[in-house]
Structures are given as structure tokens and as C-alpha cells.
Chemist: 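Here you go, one structure.
Proteins come first, then strands; the chains are lettered A, B, ... in the order of their sequence lines, and each starts at number 1.
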There are 4 protein chains.
Amino acid sequence: MVDATQRRSSGGRPRDPGADVAILEAARGLLGEFGYDRLTIEGVAERAGVAKTTIYRRFPSKVELVTAAIDELRPPGLFPDTGSLASDLDAFLAAAEQGLRDPLAMRIIAALFGSIGQDDGLFDTYWRGYVEPRRASFRELFTRAQARGELRDDLDLEQFIDLVGGVVMYQAVRPSDRPVASRVRDGLEFVWAGVTPDGRSPFADATSDRMTRT
Amino acid sequence: MVDATQRRSSGGRPRDPGADVAILEAARGLLGEFGYDRLTIEGVAERAGVAKTTIYRRFPSKVELVTAAIDELRPPGLFPDTGSLASDLDAFLAAAEQGLRDPLAMRIIAALFGSIGQDDGLFDTYWRGYVEPRRASFRELFTRAQARGELRDDLDLEQFIDLVGGVVMYQAVRPSDRPVASRVRDGLEFVWAGVTPDGRSPFADATSDRMTRT
Amino acid sequence: MVDATQRRSSGGRPRDPGADVAILEAARGLLGEFGYDRLTIEGVAERAGVAKTTIYRRFPSKVELVTAAIDELRPPGLFPDTGSLASDLDAFLAAAEQGLRDPLAMRIIAALFGSIGQDDGLFDTYWRGYVEPRRASFRELFTRAQARGELRDDLDLEQFIDLVGGVVMYQAVRPSDRPVASRVRDGLEFVWAGVTPDGRSPFADATSDRMTRT
Amino acid sequence: MVDATQRRSSGGRPRDPGADVAILEAARGLLGEFGYDRLTIEGVAERAGVAKTTIYRRFPSKVELVTAAIDELRPPGLFPDTGSLASDLDAFLAAAEQGLRDPLAMRIIAALFGSIGQDDGLFDTYWRGYVEPRRASFRELFTRAQARGELRDDLDLEQFIDLVGGVVMYQAVRPSDRPVASRVRDGLEFVWAGVTPDGRSPFADATSDRMTRT
DNA sequence: TGCTAATCGAGACGGTACGTCAAGTCTTAAG
DNA sequence: CTTAAGACTTGACGTACCGTCTCGATTAGCA
């Protein structure tokens, strides 16, 4: 999607593909370690074992560099069909729990939201490159569930994805001692009554006391 | 909560209280205009008509300065009782719609989330100083509703606040042409079935076709 | 003298002679416009319509390039015999006046002396390539004059050339409103008493008040 | 004359005078070692033990820095009266011989002439700050000689200074195995016939074979 | 005619230094 | 002891050229 590495077709020494890899890898590493603000181009150059100019030749700015670095993280196909909404969600939650332990993921979310309101297009790129693919995975997951009859037929999936996304994001971000996955599950319990045909939670072991937990 | 203005009691020239005001005002203005990254202490000093030293004596770092500047925005008492959950929420949504048009609000959210994973305590401060007061307002609002019988008695309010907060935040942040308030309302419609005693939306004019909108 | 254009004898595509010309011409042009310091190889390449490699293949460094560029300016045979020392000198002074108006000449002198004390051999090359040929012309001119009896027989021509060269150089370089030629002539007036057989100026129209001018 | 160290009168931390000294000293050292071209501001900063910005605060450009550095070399009072033109000149020649052994002197001359034709005012500054004071010393020396009757009364001193200056400069610059002082003396021998009342060299031990040396 | 070998253009590469900006600290005189 | 003013160190910025290097495409002369 973002391909800052593009260049004119003919003539000249070809770009070192190893440099591309090294740069983006270094950028991701430093982003995970220090966060967007304290990531420096010179630091990336040093870690990648590359001259600063080699970076600037590919990425005109820090924003574009980080964008491209993150862009590669886009997962190919999340959420394989496990047979039921409940198990699909369980799989997702386990993966999310795992993924959010990676400091890089938090940094990316930080960089993503830190760019709100900036005019540099970083936020849009992030949204398209990072959020949208994950929404697409949810879309697939929920479409399957709808086909199975686990979700109401008249459910507006986009709005529902917004809702689930909000729950996940908020729980990912909010300080808490409990694991994210568990909190997300608790949060979604409120919703099933409105979205499932029978108003029941799809989770077999759903805590019956879900309304009273703290 | 944050009171960087504290100082030793006696002797010498007293601090200029006007300086405090001017500094924080300038900081807020520049934060709204440029965002956290591009806000500079020197810029704040110039706009406040104050020497850099005067800022550093009060706030040891940029983080603390911005924290204090945002801290003053804490609203005294949001969400007055309008008599019903529906009208309380309508009032909130109208205010939110209004508030999110202010670029400063978006910058603050950006700064808030941009500090996730940083070790400088900025995020915690933000959460305590900015998010928690709003959660408290919701808590008050929903407690009233519960007392009125508009929400189920056994509802865990903290989890419910998480849910509502997630919806609001996600919609505030996601790119869309529709107004935030309307999207938040649509999002909450999914939830009422699970949280209200009769499973009905508290909104009188609730769109019956809420499940089919795009 | 300097022939950086030399190459191995056989095989392969022959060098483009047009490139040699274009490079040296561009170098001279840029030297005249910007001076040695601000002349860049990339600038020469661009103006010559030639790749940087093509320059480096011929001239291993900026010094050698500029040297070669200047080298071509060596005049074939200055100072034709006009019949007398006075008219020979008048012809020389007129030519010098003309030549020193060319900014390139001043840049070359600047580059020449700017390289004093450098260990890159630039100064020696300049001296041999630029100064020596001019000294040779003087030598010829003064030898003729000596033969004609216009200069003392026992005059050490090398020392005399040093003297005249010093006068010319100093006047060429020193800030003044009067034309160089006139100042050089005035300067040489002091000398005739010591070098001519009759102690008189060779110039017919020599100002008798030469000792009092300002 | 050049006083880049000037600043507004009141308020703020005063400039560190030690820094001024260290910077100019470092600049002179590096100028002597490497010459103008290869002198870098970063090198000066490092040797002076000072931050780059501290240099740029004082001197907006390399030219101004070097100018100021050289400016301090202006000698207070050259050429004390030794009683006669011959001994005055001997003293000068000895000093010149000494001075021109200092690589810094050659570098300065190189920088001086290297700046000819540049539009940065460097040359003018050099001329005023470096050449003019030395011309003034000559003026004084020759005025004394004229008063003593060692030079003709009607001699135009400015033109004579030009002449002597030219001889000195040319001999200082030209490649040769013989010492500068000796060559300058030989060169001036040509001149005495035209400028002394009796046409004789002021030097007691003047080589009678001065016209035949090589 | 096809092979060989150097040239050409284009431009990437690791570097060095540039001149600027801001951060956060320090120093002074004035209040 | 605070304040305004501003110098100071530090570190990164993004740019310009350096001189070297790798390409693919020419362009001879030799086989």
C-alpha cells in the first residue's frame, strides 16, 4: 500500500534491497523500544548500519519511514474459521492478548492516536494500513457468524464492528490489572442481548454473574 | 491534582501569579494549534511573555507543563440531572459533539494516547486528570438512571462505563462523515437490550431500523 | 603538461573527446563564476551534460580537474616583437589590463594563491602551468631589449623578472580606482634608473613628475 | 576593527570570554595546520572545547570566524627606529624571514589571496586588517628615511610602498631555495638608483655583483 | 558478424560537514 | 528568592557534495 521504495525504472545502480529491510527493521525495533517521539533517524541509520542519506533517499520524513515500517506488520489473514462465533472470538482474544504484550503494538497504537489532528496524513495512513485490515478480519468473522445464524440477520455489521473495535481499543488502552482478553469478553457480554437471535451469550461458559463483576 | 506551582513559603520576591496563568494559557493555545510534538517551551515562553526560566522553575519538563495545562480543563460538574437517562444522554452527546469540534480536544486525545507505553508517567496523569473525571460524571449519570429504574439493578457500572467510553472514544477517533453524536447513539442502541430492564432503548425517537443503517 | 586524458591504448569504446572539452569548459565557467571553493564536481557534471563518473575517470580530484582546466589557458606566444622595449611593454600592459578584467583571471589568481601551503601540489602545478609561461614571455621580451641595448648588459634577468612580476601581481591584486596598467607603469618608473644604461625611462611620454603622483 | 563579539548591553548571562579566546585560538591553529578550505567549524568547536552553536552565535560564517581569528594577529608596533634605513630594513627582513617560516603566515596569505574576487568582503577585511597595518609600518619607516635624507624628497611614498610590497609578496610566494630575505634585498637593489639621492644602495655590504646573481 | 572491453548515463552508497532548532541548564543584574 | 534575558551544552534535524560503486546500454576494433 505504502511503497516509498518505488523508483524510476531505468539507469543507475539499483537500490540495495538489504538496506530497505535493515532500515525498516531498525525502525520497528527502535519504535518498540523508544516510541515515536524518541525515535531518531540517526538512530535508525546507526542500527541499520546505513548512512543517513540512504534513509532520506527512501523516506522523505520520519512520518513516512515509520508508516512504511508499520505497514509491513499488516497480517495476511487473521481469524481462520474455527466453526463457531464463540471459538472464533476466543481465538481472536487469545491472539490479541498475545499481541498486545508486544511493546511494539502499544507503540504503534500510541503513534496511531498520537497523530490525530496532525495534518501530515499519518493518521489516515495508519487507519487504512493498520485498522482497516483488522476491521476486515472482523467483518469476515461476523459475516460467517451471521451465516451460521449466530448473529441476527438484520445486524448492521459496520456499526457492530465499530462497537467491538471500541471495546477492544478501550480495554487495550485502559490501565488495569486484569488481562485484556477477559475484560473485552466481559464488555461484549452486554451486547449479545441486542445482537444475537436468542439474546444469549455465545460463550458456553459465560459467567452468569457477568453484571456484578468489578 | 497536579500542582507544580507549589513553592517554599518565605522570603524573597514572590512568584508572579499572572505568569502561571499566562504560561498555561499559552501552552493550551499552542497545544491546540500545533499538537504536542511541535509545541516548544520557547514558543510557550514567547507567547506567555515570560522567560524560559520562569517556566522551568514551575514545570521541570515539557510533559509536566502540558499535563498541568490540560489539567485545568477538568470540567467542574458535567451532566446535570435533566430528569431522564435519555435526556441526560442527549445533553451529553450534544456537549460531546460540541467539545470534539475544538481542535484542542483532539490534540489532547492525541497527546493522551501518544503517551501510551512511554515511561514518563504522562499517560497515567492524563488518565487520572482527564479520563477519570469524565468517567466519574458517567458514573453519576448512570447511578441516577439506575435509581430511576432506567438501568438494571444488577448492572456493573464500571464495566458499563468502559463500554460506553469505548464507543465514544472509537467514534470520536474514527474517520467518518456523520456527526459523532449520532454514531455514538447508534452504537449504544446495541447495548440497551442487555442493560435496560425492558430491553428497550431509552431514546423515545429511537430509529426502529437501527440494525440496518450504514 | 598535464594530460589526465591519457588512457590505455587498445580495446573497448574510445573516450568521447567532446566530453573532455565540455568538462573543462564547464569547469572554467564555474570557476570564473563561483571561485574554486564553491565549484563542485556535480555542478561541472551538470553543466557539461556529463555523468560524474565521466569526470572522475579523467580527473582523480577537483584539484586535478581545475588544474587541467586552467592549463589550457596557457597562451601560445605572448609579447610579439613590436620593435622597442617601450612599445613591447605598452602592448603587454594593454593586454594585461584587458585580461585582468576577466573574472576568470582573478579567480585563477585567487585559486593559485589560495593553494599556497597546501600539500596537494596544486600550487606547484599552477606555478608551472600559469606563472612560468608568463615569465618565459617576459624573459623573451627582456632578452630582446637587452640585445637592443635598452637594458644593461649585466642585468640578471631572472631577478628582474621577479621584480616586474611582483609589481604586476601586487597592482593586479590591490584595491584601487586607477587602472592596473597605469599603476604598473608608475611602479616600474622607479626601476629604470637602476636597470637602463642611461638611467632613463624607456617610455617617451614618461611623466617627469613621476615621483610626486598619488 | 572586526568585533563580532559585540552584543547588546544588558541582561542575560554574559558571554564567556574564555570561549572567545579558545575559539579564535583553535581557528588559528587549524588554519595553520590545514588551511582555509579544510578548516571546519566542527573541528574548531572540538578543539576549542565548545559547542558548535557557541561559535555560530559569535560568527555567522566561516569567513567571519577566520577573519576575526586573523585580525588578532595584527602587530602592535613593527619597525622600531634603528637609526638608518639600512638597519631598519635589515631588521624588517630578519623579522619577515622569521614570520614567513610560520605556516600560519603562509596560510593567511593563501586565504587572503584565495578570497580575491569573492563577494563576501573577506578580501577587503584582510586587506584592511592585515595588509594596511604593514603598509603603515613601511610608511613610517620610509618617512623616517626621507627625513634623514636617505630617500629623495620628492619620492611618492605610496607608490614606493606598492613597489616594495610587491617585491616582498612575490618573493614570499615564489618557490625558491634561497631565503626570502636575501631575495627581497636583491630585488630592492634595482630600485635604489631611482629613489636614493646618490643612487647608491643603503646597504653597506651591498653585493657589487648584484646584477649578475642567479 | 559476433566478441570483447572500455565507455557512457544514471544514480545508489557510506561519509563528512553544513547551518538550524529546541531542550534543558547556568549565569548575571535587576527587582 | 524571583524574574528577564540570554549564553551554554547537547543532540538531532534535513541538505549538499564528496569520491566510490554498481548497473544496463553503447560503441569501437578484432576475430
Chemist: With no angle test and no hydrogens, is the base of F:dA5 tied to the side chain of B:Thr53 by a donor-acceptor pair under 3.5 Å?
Modeler: yes

Chemist: Of D:Arg38 and B:Leu39, whose closest DNA chain E nucleotide lies nearer the 5' terminus?
Modeler: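 The residue whose closest nucleotide sits nearer the 5' end is D:Arg38.
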
Chemist: One thing to verify: whether A:Arg28 and A:Glu72 come together as a salt bridge, which I'm taking to mean a side-chain N less than 4.0 angstrom from a carboxylate O.
Modeler: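 A:Arg28 and A:Glu72: salt-bridged.
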
Chemist: Take atom OH of C:Tyr56 and atom P of E:dC13, then tell me their distance rounded to the nearest Å.
Modeler: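 For the pair C:Tyr56 OH and E:dC13 P, the rounded distance is 18 Å.
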
Chemist: For D:Ala51 and C:Glu42, take the nucleotide of DNA chain F holding the closest heavy atom to each; which residue's nucleotide lies nearer the 5' end?
Modeler: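 Looking at the nearest nucleotide for each, D:Ala51 comes out on the 5' side.
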
Chemist: With respect to the phosphate group of F:dA16, does any side-chain polar atom (N or O) of C:Thr40 fall under 4.0 Å of OP1 or OP2?
Modeler: no

Chemist: Taking for each residue the nucleotide of DNA chain E with the nearest heavy atom, is it B:Lys52 or A:Pro17 whose nucleotide lies nearer the 5' end?
Modeler: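 Looking at DNA chain E, the more 5' nearest nucleotide goes with A:Pro17.
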
Chemist: Who passes side chain to side chain donor-acceptor pair (under 3.5 Å) against B:Glu25, sequence neighbours left out?
Modeler: none

Chemist: Rounded to whole angstroms, how far apart are CG on D:Asp16 and C1' on E:dT28?
Modeler: 13 Å

Chemist: Whole Å only: how far is the CZ atom of B:Arg47 from the P atom of E:dA22?
Modeler: 14 Å

Chemist: Grab the CD-C1' distance between A:Glu46 and E:dG14 for me, whole Å please.
Modeler: 14 Å

Chemist: I need the CZ-P distance between D:Phe34 and E:dA17, as an integer number of Å.
Modeler: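 D:Phe34 atom CZ is separated from E:dA17 atom P by 10 Å.
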
Chemist: Within a radius of less than 6.0 Å around CD of C:Glu46, do more than 12 heavy atoms belonging to other residues, nucleotides or ligands occur?
Modeler: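 Incorrect, the count does not exceed 12.
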
Chemist: Toward the 5' end of DNA chain F, which comes first, B:Gly49 or D:Val50, by nearest nucleotide?
Modeler: B:Gly49

Chemist: Would you indicate what B:Gly18 reaches in the nucleic acid, counting non-hydrogen atoms under 4.0 angstrom: base, sugar-phosphate, or nothing?
Modeler: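 It contacts nothing in the nucleic acid.
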
Chemist: Any side-chain N or O of B:Arg15 less than 4.0 Å from the OP1 or OP2 oxygen of F:dC1?
Modeler: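 Result: no.
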
Chemist: What's the shortest heavy-atom distance between C:Lys62 and C:Ile41, and which atoms?
Modeler: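 It is CA-CD1, 4.0 Å.
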
Chemist: Can you tell if the side chain of C:Val66 reaches within under 4.5 Å of the side chain of C:Tyr126, non-hydrogen atoms only?
Modeler: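 Yes - at least one pair of side-chain heavy atoms lies under 4.5 Å apart.
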
Chemist: If you take atom types as modelled and just measure distance, does the side chain of D:Arg13 reach the base of E:dC26 with a donor-acceptor pair under 3.5 Å?
Modeler: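 Under the 3.5 Å cut-off, the side chain and the base do form a donor-acceptor pair.
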
Chemist: Nearest to the side chain of A:Pro14, which nucleotide is it out of F:dC23, F:dG14, E:dA22?
Modeler: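 Nearest listed nucleotide: F:dC23.
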
Chemist: From C-beta outward on D:Arg57, which listed nucleotide comes closest to its side chain: F:dC17, E:dG15, F:dC8?
Modeler: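 Among the listed nucleotides, the one closest to the side chain of D:Arg57 is F:dC8.
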
Chemist: Can you see if the side chain of B:Thr54 gets near the phosphate of F:dA4 - specifically, an N or O under 4.0 Å from OP1 or OP2?
Modeler: yes

Chemist: Rounded to whole Å, please give me the gap between CZ in D:Arg58 and P in F:dG6.
Modeler: 15 Å

Chemist: Output the rounded distance in Å from CD1 (C:Ile41) to P (F:dA16).
Modeler: 18 Å

Chemist: Taking CD1 from C:Ile55 and P from E:dC8, how many angstroms apart are they, rounded to a whole number?
Modeler: 11 Å

